[in-house]
Participant: 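This is the structure, below, for whatever I ask next.
The structure displayed is predicted, hence computed values, not measured ones.
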Amino acid sequence: QVQLVESGGGLVQAGDSLRVSCAASGGSVMSYGMGWFRQAPGKEREFVAAITWSAGNTCYADSVKGRFTISRDSAKNSVYLQMNALKPEDTAVYYCARLSVYYRGDGCDGRPNHYNYWGQGTQVTVSS
């Protein structure tokens, strides 16, 4: 049974840093593409960052490039999103997701419908 459990969200001020974590079970994070998405109130879920299963290549949404970093830890079977220089517009629920094996060969993937396992989300609120 696949489970993804996010943690580490909270309330921070603009300019602060925060790291959110995703603990995985039911499969190694090294064997699947993994991604982070976010959803703000009244908006659609949007891609934030992803990491490929083999080489660990990463890709980011333009809005977070240079500020956010996705990484993974095989020993802890976890994926992380380090967020620096946070802005109020980064406020959202952040979700961890696992890429379907069907799309494993497609490289770094930011399409939500290509992910078939999702966590419950963790709230990140950035005050101005």
Side-chain angles (χ1 to χ4, degrees):
Q1 181 181 359
V2 178
Q3 279 195 315
L4 303 172
V5 180
E6 300 95 335
S7 61
L11 172 63
V12 297
Q13 293 187 332
D16 284 352
S17 297
L18 193 66
R19 189 179 80 159
V20 291
S21 303
C22 171
S25 59
S28 171
V29 297
M30 307 301 287
S31 299
Y32 296 89
M34 301 294 296
W36 284 96
F37 295 80
R38 66 186 182 186
Q39 187 166 19
K43 294 188 177 181
E44 292 187 355
R45 191 169 298 190
E46 66 173 0
F47 168 70
V48 176
I51 186 166
T52 61
W53 72 277
S54 55
N57 295 323
T58 59
C59 55
Y60 300 90
D62 288 343
S63 58
V64 306
K65 203 171 293 183
R67 299 189 297 123
F68 290 12
T69 303
I70 185 172
S71 62
R72 57 186 180 176
D73 184 328
S74 59
K76 296 183 178 180
N77 205 31
S78 293
V79 180
Y80 305 97
L81 185 68
Q82 176 67 42
M83 302 181 289
N84 298 329
L86 282 161
K87 304 175 181 180
E89 51 263 44
D90 294 319
T91 294
V93 177
Y94 282 73
Y95 298 91
C96 171
R98 196 178 88 175
L99 186 69
S100 168
V101 295
Y102 184 80
Y103 300 106
R104 181 181 279 181
D106 288 1
C108 208
D109 197 323
R111 292 162 286 192
N113 61 321
H114 287 188
Y115 290 75
N116 57 350
Y117 290 101
W118 293 80
Q120 83 289 348
T122 185
Q123 176 71 47
V124 173
T125 303
V126 185
S127 64
S128 57

Participant: Kindly state whether the ring of F37 and the ring of Y115 have centres lying under 6.0 angstrom apart.
Facilitator: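 Yes, the ring of F37 comes within the 6.0 Å limit of the ring of Y115, centre to centre.
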Participant: Kindly give the heavy-atom pair with the smallest separation between A50 and C108, and that separation in Å.
Facilitator: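 The pair with the smallest heavy-atom distance is O-SG, 3.4 Å.
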Participant: Got a second to check how far N57's CG is from T52's OG1, nearest 0.5 Å?
Facilitator: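 Between atom CG of N57 and atom OG1 of T52 there are 4.0 Å.
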Participant: For D109, enumerate each residue passing the salt bridge (charged side-chain N to carboxylate O under 4.0 Å, His left out) test, keeping only those at least two apart in sequence or located in another chain.
Facilitator: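 Listed in chain order: R111.
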Participant: Got a second to check how far R72's CZ is from Y80's OH, nearest 0.5 Å?
Facilitator: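 Going from the CZ atom of R72 to the OH atom of Y80 covers 12.5 Å.
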Participant: Can you find a pair of side-chain heavy atoms, one from M83 and one from V126, that are under 4.5 Å apart?
Facilitator: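 SC-SC contact between M83 and V126 ruled out.
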Participant: Measuring from atom NZ of K76 to atom SG of C22, what distance do you get when rounded to the nearest 0.5 angstrom?
Facilitator: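 Those atoms lie 14.0 Å apart.
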Participant: With distance as the sole test, does N77 use its side chain to make a donor-acceptor pair with the main-chain N or O of A23 at under 3.5 Å?
Facilitator: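 No; judged by distance alone, with no hydrogens or angles, the pair does not exist.
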Participant: If you take all heavy atoms of C96 and M34, which pair is closest and at what distance?
Facilitator: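 That would be SG-CE, 3.8 Å.
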Participant: Should I70 and L86 be regarded as members of a common hydrophobic cluster, given that ILVMFWY residues are connected when their side-chain heavy atoms come within less than 4.5 Å of each other, either directly or indirectly?
Facilitator: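 Linked within one cluster.
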Participant: If I take atom CG from residue L4 and atom OG from residue S21, how far apart are they, to the nearest 0.5 angstrom?
Facilitator: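 The OG atom of S21 is 13.0 Å from CG of L4, to the nearest 0.5 Å.
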Participant: Ignoring hydrogens and angles, tell me if any N or O in the side chain of Q1 forms a donor-acceptor pair with the backbone of G26 under 3.5 Å.
Facilitator: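 Flag not set: sc Q1 to bb G26 has no pair under 3.5 Å.
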Participant: When you group the ILVMFWY residues by side-chain heavy-atom contacts below 4.5 Å and let the links chain together, are V79 and V93 in the same group?
Facilitator: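 They do not share one cluster, since no chain of ILVMFWY contacts under 4.5 Å joins V93 to V79.
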Participant: Any side-chain hydrogen bond (donor to acceptor under 3.5 Å, both in side chains) involving residues 86-95? Give me the pairs, sequence neighbours left out, ordered by first then second residue.
Facilitator: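 Checked against side-chain hydrogen bond (donor to acceptor under 3.5 Å, both in side chains) - neighbours excluded - the pairs reaching residues 86-95 are R38-D90, R38-Y94, R67-D90.
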Participant: Could you tell me whether a side-chain N or O of Q120 sits under 3.5 Å from a main-chain N or O of V5, the two making a donor and an acceptor?
Facilitator: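 No; zero donor-acceptor contacts below 3.5 Å.
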Participant: With the 4.5 Å side-chain cut-off for hydrophobic clustering, are Y117 and V20 part of the same group?
Facilitator: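 Yes, same cluster.
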Participant: Assess whether atom NZ of K65 is packed by more than 12 heavy atoms of other residues, nucleotides or ligands within 6.0 Å.
Facilitator: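 Yes, because the 6.0 Å sphere around NZ of K65 holds more than 12 heavy atoms from other groups.
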Participant: Can you tell me if S100 uses its side chain to pair, donor with acceptor, with the backbone of N116 under 3.5 Å?
Facilitator: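 Such a contact is absent between S100 side chain and N116 backbone.
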Participant: In this structure, which one of T69, V64, T122, V48 forms a side-chain contact (heavy atoms from CB on, under 4.5 Å) with L81?
Facilitator: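 It is V48, the one option of T69, V64, T122, V48 that forms the side-chain contact (heavy atoms from CB on, under 4.5 Å) with L81.
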Participant: Do the side chain of R104 and the main chain of S31 share a donor and acceptor less than 3.5 angstrom apart?
Facilitator: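 Yes, the answer is positive, given that a donor and an acceptor are paired below the 3.5 Å cut-off.
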Participant: Measure across A24 and G27 and return the closest heavy-atom pair with its distance rounded to 0.1 Å.
Facilitator: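 Looking at all heavy atoms of both residues, the closest pair is CB-O, 4.3 Å.
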Participant: Which one of I51, V101, L99 satisfies the side-chain contact (heavy atoms from CB on, under 4.5 Å) criterion with Y32?
Facilitator: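 Exactly one option meets the side-chain contact (heavy atoms from CB on, under 4.5 Å) with Y32, and it is V101.
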Participant: Hey, do the aromatic rings of F68 and W36 have their centres closer than 6.0 Å?
Facilitator: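 No; W36 has its ring centre 6.0 Å or more from that of F68.
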Participant: Could you check whether any side-chain N or O of Q13 sits under 3.5 Å from a backbone N or O of S127, counting only pairs where one atom can act as donor and the other as acceptor?
Facilitator: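 Such a contact is absent between Q13 side chain and S127 backbone.
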Participant: Ignoring hydrogens, what is the shortest heavy-atom contact between N84 and S17? Give both atom names and the distance.
Facilitator: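 Closest approach of N84 to S17, heavy atoms only: OD1-OG, 2.9 Å.
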Participant: Quick check: closest heavy atoms across M30 and S74, and the distance to 0.1 Å?
Facilitator: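 Where M30 meets S74 most closely, the heavy atoms are CG-CB, 3.5 Å.
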Participant: Identify the heavy atoms of Y60 and A49 that sit nearest to each other, and give their distance.
Facilitator: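 It is CD2-CB, 3.5 Å.
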